[in-house]
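One structure is given below, encoded as structure tokens.
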Amino acid sequence: MKAVVMNAVGDAGVLEYVERPEPAPRAGEVLVEVAVAGVNFMDIGIRQGMSWNETPNPKILGAEGMGRVVALGAGVSGFEVGQRVAWVYAPGSYAQRIAVPAGALVAVPDFIDDQTAAASMMQGLTAKHFATDFYRTQPGDIAFVHAAAGGVGLLLTQITKLYGGKVIGRVSSQDKVAAAKAAGADHVIVDAEGKFAEQALRLTDGAGVHVVYDGSGPSTFQGSLDVLRRSGTFCWYGPVLGGPGALNIMSLPKSIKLGYAVYANLIPTPELLRHHAGQLFDWIAEGKLKINIGAVYPLADAVRAHTDMASRATTGKLLLLP
Ligand SMILES: NC(=O)c1ccc[n+]([C@@H]2O[C@H](COP(=O)([O-])OP(=O)(O)OC[C@H]3O[C@@H](n4cnc5c(N)ncnc54)[C@H](OP(=O)(O)O)[C@@H]3O)[C@@H](O)[C@H]2O)c1
């Protein structure tokens, strides 16, 4: 089968489209023909050696996708050959076939198309965790969303609006404003240098926002502290672009609550994974949530997908078609 491997830690040039042996499902696994693989910012982090280093290179990259069941490993029940399934974390998803632990699979309902299913999983469950669980959005809340035209950002904006909140988004260039506004952002600030706080405070009559969602690296950290109101919540979530470094807890202002949110904490069991994915699918079917697919590439063009995402030029979800 064809797959995209990373040959070493490094820039997008370490990726290669190669022939790999067919996987065979072990006990508890399901063999899936991959229809669509998701590209996530975390894939760039893995490629740069930030995690998943216990698996030696060359290894197949990618953690998310959807496809059709080809075979069941010993002891698997609840799935059948031909069934459409999606997953949020199964290393080796940039491939034509993958063996996925059954517990990581979600059945995809007929009313969700293939690309929407693949695009909903990582970024959808992440945004749902942040805006409904890490921070419980209440009507009238004002959220500040960084990278508001990105995959997670567009969904955070929509979910905040769904719960009656308002959104101030930040994007790095003017050509992303329309996408952020179409997702429901009430105001969009264009800034790529961490100088957004003054504008955001003006938009809230000086009071600041209830919650800030920041996965955009060290350059935005201080501004994100500055835009929060008293007792506001700082949802920090961007390990790939990096954090603020060592932090003196007594330097934190305004009794804010600061935490590192990780999507996996919403879904510690297969039952919860299926429950939350099912709710995302229902929101999509009811027209409450729109999955924005920014670009679709052939699997062989994974280098281009990575380069585009790192260039800050993309909006919405990037997908690969094996
Ligand atoms: N903690 C978790 O559980 C979790 C789960 C999923 C994703 N994440 C994090 O969420 C963030 C968004 O992920 P995503 O997959 O949805 O990607 P994405 O938002 O579609 O793309 C990344 C965006 O980050 C912004 N950015 C800021 N500084 C950048 C830089 N130096 N280089 C490149 N981009 C930069 C860009 O938006 P602007 O140019 O508009 O600023 C870019 O569009 C990432 O930090 C990712 O690691 C965390």
Side-chain angles (χ1 to χ4, degrees), residues 11-12 37-48 50-52 61-64 88-89 93 118-135 144-159 168-181 183 185 188-196 212-221 223-224 234-244 258-268 273 276 291-295 305-320:
D11 62 18
V39 179
N40 289 292
F41 213 77
M42 77 173 268
D43 302 342
I44 294 178
I46 291 167
R47 200 196 68 215
Q48 292 172 339
M50 287 177 193
S51 57
W52 197 15
L61 202 55
E64 172 189 54
V88 64
Y89 192 82
S93 299
S120 307
M121 299 300 288
M122 172 76 82
Q123 294 169 346
L125 291 165
T126 297
K128 187 168 193 282
H129 173 42
F130 294 179
T132 70
D133 181 50
F134 186 90
Y135 181 75
F144 192 92
V145 176
H146 283 281
V152 170
L154 288 172
L155 292 164
L156 272 174
T157 297
Q158 292 181 71
I159 294 172
I168 302 173
R170 183 206 55 76
V171 296
S172 63
S173 61
Q174 190 64 38
D175 50 9
K176 294 183 180 180
V177 171
K181 284 219 161 137
V188 182
I189 295 173
V190 178
D191 167 68
E193 290 163 6
K195 294 186 178 148
F196 51 86
V212 59
Y213 299 105
D214 188 351
S216 288
S219 67
T220 51
F221 190 82
S224 291
F234 193 136
C235 175
W236 186 87
Y237 65 94
V240 179
L241 289 168
L258 164 68
Y260 173 25
V262 177
Y263 79 93
N265 292 315
L266 187 67
I267 52 172
L273 168 66
H276 290 293
I291 301 295
N292 295 276
I293 294 167
H306 274 226
T307 309
D308 288 352
M309 187 177 250
S311 75
R312 306 181 74 161
T314 60
T315 59
K317 182 73 188 179
L318 308 190
L319 296 172
L320 299 171

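Counting convention: from 1, in listed order, for ligands and their atoms alike. Counting begins at 1 with the first residue of the sequence.
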Atoms of ligand 1 close to [X] [distance to a heavy atom under 4.0 angstrom, numbered from 1]:
| X | value |
| --- | --- |
| Val152 | 7 (C), 16 (O) |
| Leu241 | 26 (N), 27 (C), 28 (N), 29 (C), 30 (C), 31 (N), 32 (N), 35 (C) |
| Val240 | 47 (O) |
| Gly150 | 18 (P), 19 (O), 20 (O) |
| Ala310 | 32 (N), 33 (C) |

* To do: Answer with side chain, backbone, both or neither: which part of Lys176 has a heavy atom less than 4.0 angstrom from an atom of ligand 1?
  => side chain
* May I ask you to identify, for Ala261, whether its side chain, its backbone, both or neither come under 4.0 Å of ligand 1 on a heavy-atom basis? => backbone
Could you identify the single nearest non-hydrogen protein atom to [atom] and state the distance to 0.1 Å?
| atom | answer |
| --- | --- |
| atom 39 (O) of ligand 1 | Ser172 OG, 2.5 Å |
| atom 48 (C) of ligand 1 | Tyr237 O, 3.1 Å |
| atom 3 (O) of ligand 1 | Tyr263 N, 2.8 Å |
| atom 23 (C) of ligand 1 | Ala147 CB, 3.9 Å |
| atom 6 (C) of ligand 1 | Thr126 OG1, 3.5 Å |

* Asked: Is a donor on one side and an acceptor on the other found under 3.5 Å between the side chain of Ser93 and the backbone of Glu64?
  -> yes
* Less than 4.5 Å apart, any side-chain heavy atom of Lys317 and any of Asn40? -> yes
* **Val240 vs Gln48 side-chain heavy atoms within contact, under 4.5 Å** =>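 Sidechains of Gln48 and Val240: in contact.
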* CA sep, side-chain torsions, deciding dist, call: Lys128, Ile159, side-chain contact (heavy atoms from CB on, under 4.5 Å) -> CA-CA 7 Å; Lys128 187 168 193 282; Ile159 294 172; 4.3 Å; yes
* Asked: Any side-chain donor paired with an acceptor under 3.5 Å for Thr220 and Arg170?
  ->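 Judged by distance alone, the side chains do not pair up.
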* To do: Pick, from His146, Arg312, Glu64, the option with the minimum heavy-atom distance to atom 41 (O) of ligand 1.
  => Arg312
Is ligand 1 less than 4.0 angstrom away from at least one heavy atom of [X]?
| X | value |
| --- | --- |
| Gly153 | no |
| Ala149 | no |
| Arg170 | yes |

Distance check, rounded to the nearest 0.5 Å: [X] atom [atom1] versus [Y] atom [atom2]?
| X | Y | atom1 | atom2 | value |
| --- | --- | --- | --- | --- |
| Met121 | Tyr263 | CE | OH | 9.5 Å |
| Leu155 | Gln123 | CG | CD | 6.5 Å |
| Ile267 | Thr126 | CD1 | OG1 | 8.0 Å |
| Phe221 | Leu241 | CZ | CG | 14.5 Å |
| His129 | Asn265 | NE2 | CG | 5.0 Å |

Between [X] and ligand 1, is there a nitrogen or oxygen pair with a distance under 3.5 Å?
| X | result |
| --- | --- |
| Phe41 | yes |
| Met309 | no |
| Gly151 | yes |
| Tyr260 | no |
| Gly215 | yes |
| Gln123 | yes |

* Once the angle between the rings of Tyr237 and Phe130 is folded into 0 to 90°, is it parallel (under 30°), tilted (30 to 60°) or perpendicular (over 60°)? -> tilted
* Passes side-chain contact (heavy atoms from CB on, under 4.5 Å), Asn292 versus Thr315? Steps please. -> CA-CA 8 Å; Asn292 295 276; Thr315 59; over 6 Å; no
* Sub-6.0 Å ring centroid separation between Phe144 and Phe196 ->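 Distance test on ring centres: under 6.0 Å, yes.
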